[in-house]
There are 2 protein chains.
Amino acid sequence: MIKTENTPIAEQELSTEEKILAAARSVFTKKGMSGARMQDIADEAGINKALLHYYFRSKEKLFDRIFEEASNKMFSILNSIIADEKLSVREKIKDLIENYINMAIANPYIPAFVMGEANQNPDFIKEYLIKKISVHKQLIAHFQEAISLGEIKPTNPVQLFMNVMSLAVFPFIVRPIFQAGFGVTDEQFNALMEQRKKHLVEFIMAAIKP
Amino acid sequence: MIKTENTPIAEQELSTEEKILAAARSVFTKKGMSGARMQDIADEAGINKALLHYYFRSKEKLFDRIFEEASNKMFSILNSIIADEKLSVREKIKDLIENYINMAIANPYIPAFVMGEANQNPDFIKEYLIKKISVHKQLIAHFQEAISLGEIKPTNPVQLFMNVMSLAVFPFIVRPIFQAGFGVTDEQFNALMEQRKKHLVEFIMAAIKP
DNA sequence: TAAAATTTTAACTAAATAGTTAAATTAAAC
DNA sequence: GTTTAATTTAACTATTTAGTTAAAATTTTA
């Protein structure tokens with residue numbers, strides 16, 4: 001019998017450390033730092049609070065580990081894409097869209113988690129995120145270059161970058177409101193996001209055509 | 001001397017109840033329900049905790065008041081636009097963009113606040129938000145109609161609706177990351193958002209042209 | 001000015017939660 | 001089978017935070 005993602009963390013064949021990390025991932029990404037409870041993490045991992053503190057000294061240490069991991073998933077997506085000199089601007093946009101949507105389908109809570117913590121604790125994020133975002137500047141520079149060459153319509157490249165990110169990421173932030181408001185199931189939402197990859201590429205290509 | 005928005009709440013000529021509400025607005029929208037402290041609200045209002053509880057019995061009651069107000073600002077924007085039978089689809093999109101961006105410039109913390117609470121407490125939002133969103137279905141229906149009439153390119157109208165919302169709202173959610181990562185001041189950010197109103201209308205119109 | 005309403009003071013209580021401890025139990029390794 | 005490591009138990013402590021109380025001080029109103 002294959003272990004699915006719905007198998008409770010406590011019952012999975014994982015080391016205790018892995019069970020704790022999986023539980024912490026689940027609780028922190030759903031509830032945030034201030035909303036998460038160490039007892040809830042222990043319960044979800046199927047262990048007790050004493051052992052939880054034996055493995056990870058404090059809530060803060062455990063949170064840091066999870067946030068670091070989540071922000072990497074959020075911001076390291078572009079590293080390989082942007083570095084690739086062979087890709088055209090249009091190919092980069094396509095790859096960005098597909099990679100972000102795939103990541104968010106696989107990790108549904110990460111976008112809202114990272115954005116939420118960044119908003120509730122703006123000073124804290126500076127240490128974590130500033131370095132990881134420098135790569136994105138290269139993408140904006142590439143946009144500028146393509147505009148100068150007449151490959152895409154004259155536009156503020158920062159606005160274009162914001163557009164691509166918005167279109168890919170926002171649905172996963174508004175997701176609970178959207179699903180509740182329109183009565184959409186998880187399966188329907190994921191199907192919409194699968195369809196969205198192609199839809200967005202067409203939408204953006206039409207918008208930037210010179 | 002004119003009172004600016006930078007005048008501390010505690011020093012403004014407001015009734016005590018108004019001072020409390022202004023302080024609660026400030027603290028809750030920045031820190032969220034679980035991150036907010038009643039003591040911080042009292043401090044920001046320039047009063048003490050006893051008086052705070054004298055006016056609003058509990059944190060929950062005060063939060064409900066602020067969240068209700070914030071979600072109204074977030075979701076009642078479209079009511080007048082969508083009801084207006086005289087507006088074309090393109091005019092509605094333009095109005096939606098302008099109204100959302102204006103609201104978010106005037107209330108910078110509201111989008112991330114409402115989205116954050118919805119994500120951290122999905123059950124809670126159902127009571128609040130489901131009714132307010134029904135209007136949005138009419139807009140999607142209008143999109144569908146315009147597609148059938150060939151006025152705009154064949155598209156999934158739900159995707160188009162998601163696109164318009166994403167483009168207008170997401171920048172205000174990613175704002176702290178964007179400003180920290182790219183070294184953008186508040187003034188520069190607001191200028192970019194002012195420019196964005198026109199930019200987005202052009203971007204979307206190009207994307208949906210049949 | 002006297003009475004009434006508002007606000008402060010400061011010391012409380014109650015509850016929730018992070019984190020600790022030491023002994024007992026169980027599982028793994030040798 | 002004995003030793004060692006991992007885990008549980010359960011009762012702790014310390015801290016934070018929501019919420020209360022009663023009396024005193026202040027401000028407003030009549």
Side-chain angles (χ1 to χ4, degrees), chain A residues 7-68 113 116-117 120-121 123-124, chain B residues 7-70 113 116-117 120-121 123-124:
Chain A
T7 306
I9 291 156
E11 291 171 23
Q12 287 179 280
E13 303 157 350
L14 298 170
S15 72
T16 300
E17 189 175 339
E18 284 167 335
K19 273 194 272 187
I20 291 172
L21 286 171
R25 212 170 279 134
S26 167
V27 174
F28 276 129
T29 57
K30 285 176 197 152
K31 295 294 178 183
M33 173 61 173
S34 65
R37 301 287 161 251
M38 291 297 268
Q39 186 63 61
D40 293 342
I41 295 173
D43 290 349
E44 190 149 335
I47 58 162
N48 52 66
K49 219 172 36 145
L51 193 61
L52 177 56
H53 278 95
Y54 172 78
Y55 273 85
F56 294 89
R57 272 230 174 64
S58 70
K59 185 183 181 184
E60 211 184 335
K61 282 197 170 58
L62 189 51
F63 174 82
D64 283 358
R65 175 88 174 251
I66 300 302
F67 186 77
E68 172 72 19
F113 170 58
E117 294 301 320
Q120 287 187 12
N121 210 336
D123 295 332
F124 164 79
Chain B
T7 307
I9 290 157
E11 290 171 22
Q12 286 179 287
E13 304 156 350
L14 298 170
S15 71
T16 300
E17 189 174 340
E18 284 167 333
K19 273 194 272 188
I20 291 172
L21 286 171
R25 213 170 278 134
S26 166
V27 174
F28 276 130
T29 57
K30 285 175 197 153
K31 295 293 178 184
M33 172 62 172
S34 65
R37 300 287 162 251
M38 290 297 268
Q39 186 63 61
D40 293 342
I41 294 173
D43 290 349
E44 190 149 335
I47 59 162
N48 52 65
K49 217 172 39 145
L51 193 60
L52 177 57
H53 278 95
Y54 173 79
Y55 273 84
F56 294 88
R57 273 230 174 64
S58 69
K59 185 182 180 184
E60 211 184 334
K61 282 197 170 57
L62 189 51
F63 174 81
D64 283 358
R65 176 87 175 251
I66 300 302
F67 186 77
E68 172 72 19
E69 180 188 283
F113 171 57
E117 295 300 322
Q120 287 187 12
N121 210 337
D123 295 333
F124 164 79

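Naming convention: chains lettered A, B, ... in sequence-line order (proteins, then strands); numbering from 1 in each chain. Computed from a prediction, not measured in an experiment: that's the story for all the values here.
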| task | Write down the atom of A:Gly35, the atom of B:Ser34, and the distance for their closest heavy-atom approach. | result |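 Heavy atoms only, the tightest pair is N-OG, 3.5 Å.
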| field | Shortest non-hydrogen separation from A:Val27 to A:Glu44 and the atoms involved | value |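 In this case the closest contact between A:Val27 and A:Glu44 is CG2-OE1, 3.8 Å.
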| Expressed in angstrom and rounded to an integer, what is the separation of B:Lys49 atom NZ from D:dT16 atom C1'? |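 The distance from NZ of B:Lys49 to C1' of D:dT16 comes to 10 Å, rounded to the nearest Å.
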| task | Sequence neighbours left out, what passes side-chain hydrogen bond (donor to acceptor under 3.5 Å, both in side chains) with B:Glu17? Give chain and number order. | result |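 By the side-chain hydrogen bond (donor to acceptor under 3.5 Å, both in side chains) rule, B:Glu17 matches no residue at all.
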Enumerate the protein-to-nucleotides 28-30 of chain D contacts in which both atoms are nitrogen or oxygen and the separation is below 3.5 Å.
none

| message | What is the first contacted nucleotide of DNA chain C and what is the last, in 5' to 3' order, if contact means an atom lying under 4.0 angstrom from a heavy atom of chain A? | response |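 First-to-last contact on DNA chain C, by the 4.0 Å heavy-atom rule, is C:dT17 to C:dT21.
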Can you give each donor-acceptor pair under 3.5 Å made by side-chain atoms of residues 59-66 of chain B, sequence neighbours left out, with the distance rounded to 0.1 Å?
| unit_1 | atom_1 | unit_2 | atom_2 | d |
| --- | --- | --- | --- | --- |
| B:Lys59 | NZ | B:Met33 | O | 3.0 |
| B:Lys59 | NZ | B:Ala36 | O | 2.9 |
| B:Asp64 | OD1 | B:Tyr128 | OH | 3.2 |

| field | Test log, rule side-chain contact (heavy atoms from CB on, under 4.5 Å), inputs A:Tyr55 and A:Ile47 | value | CA-CA 11 Å; A:Tyr55 273 85; A:Ile47 58 162; 5.8 Å; no
| Of A:Arg37 and B:Thr16, whose closest DNA chain C nucleotide lies nearer the 5' terminus? |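 The residue closer to the strand's 5' end, by nearest nucleotide, is B:Thr16.
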| Aromatic rings B:Phe113 and B:Phe67: how do their planes relate, parallel, tilted or perpendicular, breaks at 30° and 60°? |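 Ring orientation of B:Phe113 relative to B:Phe67: perpendicular.
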| said: Considering only residues two or more places apart or on different chains, which pairs with a residue in residues 29-50 of chain A satisfy ring pair (Phe, Tyr, Trp, His ring centres under 6.0 Å)? | reply: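 Non-adjacent pairs meeting ring pair (Phe, Tyr, Trp, His ring centres under 6.0 Å): zero.
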| Inter-residue atom distance A:Leu21.CG - A:Ser15.OG, 0.5 Å rounding |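 Atom-to-atom, A:Leu21:CG and A:Ser15:OG are 8.0 Å apart.
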| request: Pull out every residue in residues 50-60 of chain A that has a heavy atom closer than 4.0 Å to any atom of DNA chain D, ordered by number, or say none. | output: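 Heavy-atom contacts with DNA chain D come from A:Ala50, A:Leu51, A:Tyr54, A:Tyr55.
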| So do the side chains of A:His53 and A:Lys49 get within less than 4.5 Å of each other, counting heavy atoms only? |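 Yes. Closest side-chain heavy atoms under 4.5 Å.
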| Under 4.0 angstrom, heavy atoms only, what part of the nucleic acid is A:Ala42 near: base, sugar-phosphate, or nothing? |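 Touches nothing.
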| message | Under the salt bridge (charged side-chain N to carboxylate O under 4.0 Å, His left out) definition, can you give me all pairs with a residue in residues 22-31 of chain B, not counting sequence neighbours? | response |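 Counting only pairs at least two positions apart or across chains, the salt bridge (charged side-chain N to carboxylate O under 4.0 Å, His left out) contacts touching residues 22-31 of chain B are B:Arg25-B:Glu69.
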